[in-house]
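Both ligands and their constituent atoms are indexed starting at 1 by order of listing. Fair warning: this is a prediction, and the values are worked out from it, not measured in the lab.
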Amino acid sequence: MFDLNKILRDNIKVLQPYTSARDEYKGTEGTFLDANENAFGSATSALHNRYPDPLQWEVKNALSAIKHISAENIFIGNGSDEAIDLLFRSFCRPGIDNAITTPPTYGMYEVSANINDIVLKKVFLSTDFELEVDNILEAIDENTKVILLCSPNNPTGNCLNTNAITKIITSFDGIVALDEAYIDFAANKSFLPILLQYPNLVIMQTFSKAWGMANLRLGIAFASKEIIAILNKVKPPYNINGLSQKLALEALQNEQKKNQYVENILKQRIWLASQLISMPFVIKIYPTDANFILVKTIDGNKIYNFLTDRVVIVRNRSAVKLIENCLRITVGTETENKLLIETLHQFALS
Ligand SMILES: Cc1ncc(COP(=O)(O)O)c(C=O)c1O
């Protein structure tokens, strides 16, 4: 049985969080002499002299309406990377506890675990990039606190099997963090509508992909109110700056723009795949539910270097186990994709 109190680190249980001036007085009108701000103004043309809302309620309320989940089930982080880091810091004792990932997957899970001195157990995906559920369950020991799953998975592009994800969530007494950064591009549905059936599930999404706002660093975690309260307690007080909050609100009021981007990217994805598959040096393109395509080639390094020399930059995954000689290609605009294909034709002739 999952027991949040049992897996929470003792120091976090007793932690008295920092209370900011804006936590203590929540009104918006008044003479604010409580936060040591510069009351005269800012060194910029627009005013930025006041601290932002530490809990970003306006953004969360707007997100709540779109995602059909209470604002109290939402955490907003400085990128999804902040949520990953906070999960490790809240639940894993450095040097003692461990987490499980399923490579090949998003590299930041391992970096974040290393930073936090958390042992990372790697249970590789199968050759068709599905979860090896039995191996994952076998890898769990008394100190395993977090399992990180990524669906659609980066860099393979596929959604993980839904029953396999569910089996892991229901068999594990720790936190399952399901990273859905690319879910807007997927045919499969998000786990979000059933999130609250699982007290140990944390779903991560981001403004960096479909919403087109990677520059602002806005990641989202959805979970039980109790888990969200823990993340809020551990995070830096003003983790999302006021400009990012303002722009996030603007984006959420323009959801149709995001939907249009997704539609365009999906169209371009089909075109790009159709071109790539006909290239003589392409062995295989993998099915994708994301805004990128993983391509198996006869010589990944050579193609990568040829493209880079012509300033067409893709991600070289040639040295990664299970995806040797693979390139991960982000779907660009029509012009960018055509340029890529033209350059690859030149490689074929070289
Ligand atoms: C699977 C996955 N999760 C999260 C992220 C990063 O998201 P953010 O920009 O919100 O930190 C990426 C970025 O490439 C990703 O591939």
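Residue contacts with ligand 1 for Arg217 involve side-chain atoms from C-beta outward but no N, CA, C or O (heavy atoms, distance under 4.0 Å). Residue-level proximity to ligand 1 for Tyr182 is carried by the side chain, the only part with a heavy atom below 4.0 angstrom. Under 4.0 Å from ligand 1, heavy atoms of Ser80 appear from its side chain as well as its backbone. Of all the heavy atoms of Asn154, the ones lying under 4.0 Å from any atom of ligand 1 belong exclusively to the side chain. Within the 4.0 Å heavy-atom criterion, the part of Lys209 lying near ligand 1 is the side chain and not the backbone.
Side-chain contact between Thr102 and Phe124 is absent, with no heavy-atom pair separated by less than 4.5 Å. In this structure, the side chains of Ile194 and Phe191 come closer than 4.5 Å at one or more pairs of heavy atoms.
Counting protein heavy atoms only, atom 3 (N) of ligand 1 is closest to Asp179 OD2, 2.6 Å. For atom 6 (C) of ligand 1, the nearest protein heavy atom (residue, atom name, distance) is Tyr106 OH, 3.3 Å.
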Residues 248-263, side-chain donor-acceptor partners within the protein, below 3.5 Å, at least two apart:
unit_1: Asn254; atom_1: ND2; unit_2: Glu250; atom_2: O; d: 3.1
unit_1: Lys258; atom_1: NZ; unit_2: Asp184; atom_2: OD1; d: 3.0
unit_1: Gln260; atom_1: NE2; unit_2: Asn264; atom_2: OD1; d: 3.3

Below 3.5 Å, can you tabulate the donor-acceptor pairs from side chains in residues 77-88 to any protein atom, sequence neighbours excluded?
unit_1: Ser80; atom_1: OG; unit_2: Gln205; atom_2: O; d: 3.4
unit_1: Asp81; atom_1: OD1; unit_2: Tyr106; atom_2: OH; d: 3.0
unit_1: Glu82; atom_1: OE1; unit_2: Asn78; atom_2: N; d: 2.5
unit_1: Glu82; atom_1: OE1; unit_2: Asn239; atom_2: ND2; d: 3.0
unit_1: Asp85; atom_1: OD1; unit_2: Asn116; atom_2: ND2; d: 3.0
unit_1: Asp85; atom_1: OD2; unit_2: Arg89; atom_2: NE; d: 2.9
unit_1: Asp85; atom_1: OD2; unit_2: Arg89; atom_2: NH2; d: 3.1

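When the side chains of ILVMFWY residues are joined at heavy-atom separations under 4.5 Å, either directly or via intervening members, Phe292 and Trp271 end up in a single hydrophobic cluster.
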